[in-house]
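For reference, the structure discussed in these notes is given below.
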Protein chains: 2
Amino acid sequence: MASLTLDDLDLRILGVLQTDASISNLELSRRVHASAPTCLRRVRVLREAGIIARQIAIIDAAKLGPTLRAIVEVSLDRQAAEDYDAFEAYICEEPAVTQCYRVSPGPDFVVIAEVPDMAAYDELARRLFKSAANIRNVRTFFSTRCAKFEANAPVHAKASR
Amino acid sequence: MASLTLDDLDLRILGVLQTDASISNLELSRRVHASAPTCLRRVRVLREAGIIARQIAIIDAAKLGPTLRAIVEVSLDRQAAEDYDAFEAYICEEPAVTQCYRVSPGPDFVVIAEVPDMAAYDELARRLFKSAANIRNVRTFFSTRCAKFEANAPVHAKASR
DNA sequence: GCTGAAATCACACATTA
DNA sequence: TAATGTGTGATTTCAGC
């Protein structure tokens with residue numbers, strides 16, 4: 001499937017929605033200087049193409065109670081392709097895990113998890129990294145302060161193809 | 001300011017919106033088994049309280065062109081409170097930087113940046129980490145595969161206060 | 001939680017490049 | 001031919017009760 005060519009209007013739409021998707025289609029059309037039906041069509045196409053993957057509400061977790069983020073570097077013991085896949089599938093099922101990246105060089109994965117406190121992390125780590133086989137090494141940092149959080153870099157910084 | 005007490009309905013609303021905020025208020029009301037006006041009021045309160053921080057569209061960056069994520073551990077040279085703040089403010093201004101966490105133990109910060117390719121990362125790193133003073137050490141991993149990405153862990157996993 | 005007015009959405013159609 | 005702009009009905013939002 002050929003990646004459909006995005007024009008400047010598409011990029012402007014993406015640029016607006018990636019920072020604020022709470023606005024109405026009418027408001028969107030005003031911001032990108034296009035008509036409402038045009039915006040509606042563009043957004044639908046972008047969504048069907050999977051370029052707009054999904055639309056979510058970001059929640060300020062700290063306001064719901066104590067929050068501890070753990071950033072974990074994981075190295076596997078055996079490193080065949082199926083071992084990577086297996087770890088990935090396994091770890092992604094865990095609700096507390098919010099992000100998982102396959103990386104190189106260094107460790108095999110970087111995992112970010114969100115838990116209430118250190119006790120909860122200990123329980124999580126015990127469950128994910130100890131009982132699960134095929135873990136060679138785990139290195140954990142903790143963070144209670146997230147200075148910046150974006151799902152994507154601004155699209156206008158990217159090329160149009 | 002006292003954190004307002006969230007009841008079960010609030011948590012159900014947050015639970016839905018944090019995975020899919022593209023739905024209408026009417027659809028939301030159906031999913032959480034409440035009336036539409038009630039949902040509308042709750043969502044407004046949650047938004048004004050900052051519990052719903054914002055609503056965004058997540059874009060599949062890979063569909064817009066080649067994408068390379070860099071996960072960077074940064075250690076500062078001087079580590080006074082104002083040095084931390086200065087680095088944070090400086091790095092957050094960079095559009096390519098999508099996430100920045102202050103961590104412990106280990107490095108002082110974990111930074112995630114999104115660039116088209118290695119050349120762009122090199123340019124970014126040169127700009128952010130070399131010319132900027134007060135950097136002791138930088139350790140970078142690259143990732144082209146993000147197995148999981150959520151802004152938050154599911155709210156239903158958290159306590160109601 | 002329900003009802004009604006106002007706004008918005010979403011579609012079919014005519015139009016233009 | 002394909003995409004944009006105009007007009008209409010249905011739906012939704014959001015106020016007061």
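Note on naming: letters A, B, ... go to the chains in the order of the sequence lines (proteins, then strands), and numbering restarts at 1 for each one. What you are looking at is a predicted structure, and each value in this text was computed from that prediction instead of being measured.
Within a heavy-atom distance below 4.0 Å of DNA chain C, no residue of residues 53-60 of chain B is found.
Partners of B/Arg12 according to the side chain to side chain donor-acceptor pair (under 3.5 Å) rule, which considers only residues two or more places apart in sequence or in another chain, are B/Asp8. Partners of A/Ser104 under the side-chain contact (heavy atoms from CB on, under 4.5 Å) rule, at least two apart in sequence or in another chain, do not exist in this structure. Here A/Asn137 pairs with A/Ser75 under the side-chain contact (heavy atoms from CB on, under 4.5 Å) rule; sequence neighbours left out. Partners of B/Glu94 under the salt bridge (charged side-chain N to carboxylate O under 4.0 Å, His left out) rule, at least two apart in sequence or in another chain, are B/Arg127. Every residue was checked against the side chain to side chain donor-acceptor pair (under 3.5 Å) condition with B/Arg41, not counting sequence neighbours, and none meets it. For B/Ser35, the side-chain contact (heavy atoms from CB on, under 4.5 Å) partners are B/Pro37, B/Thr38, not counting sequence neighbours. Checked against side-chain contact (heavy atoms from CB on, under 4.5 Å), B/Ala81 has no partners two or more places apart in sequence or in another chain.
Protein chain A contacts DNA chain D over a range whose 5' and 3' limits, counting nucleotides with an atom under 4.0 angstrom from a non-hydrogen atom, are D/dT4 to D/dT6.
Between B/His33 and A/Ser24, the residue anchored nearer the 5' end of DNA chain C, judged by the nucleotide with its closest heavy atom, is B/His33.
One finds no salt bridge joining B/Arg126 and B/Glu123 here, because no Lys/Arg side-chain nitrogen approaches an Asp/Glu carboxylate oxygen to under 4.0 Å. Between A/Asp7 and A/Arg42 there is a salt bridge, since a side-chain N of the basic residue sits under 4.0 Å from a carboxylate O of the acidic one. A salt bridge links A/Asp85 with A/Arg102; the closest basic N to acidic carboxylate O contact falls under 4.0 Å.
B/Asn25 has its CG atom 12 Å from the P atom of C/dG1, to the nearest Å. Rounded to a whole Å, the CZ atom of A/Arg42 is 17 Å from the P atom of C/dA10. Counting to the nearest Å, the C1' atom of C/dA10 and the CD atom of B/Glu27 are 17 Å from each other. Here C/dT8 presents its P atom at 14 Å from CG of A/Leu28, a figure rounded to the nearest Å.
Ring planes of B/Phe87 and B/Phe109: tilted class, angle from 30 to 60°.
Each end of the helix from C/dG1-D/dC17 to C/dA17-D/dT1 gets its own axis from five base pairs, and the two axes differ in direction by 30°, given to 10 degrees.
Listed pair B/Ser35 / C/dC2 fails the phosphate criterion, with no side-chain N or O lying under 4.0 Å from OP1 or OP2.
A donor-acceptor pair shorter than 3.5 Å can be found between the side chains of A/Gln99 and A/Tyr101.
Residue A/Leu26 shares its hydrophobic cluster (ILVMFWY side chains chained together at separations under 4.5 Å) with no other residue.
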Would you tabulate the nitrogen or oxygen pairs shorter than 3.5 Å linking the protein to nucleotides 11-14 of chain C?
unit_1	atom_1	unit_2	atom_2	d
C/dC11	OP2	A/Arg44	NH1	2.8

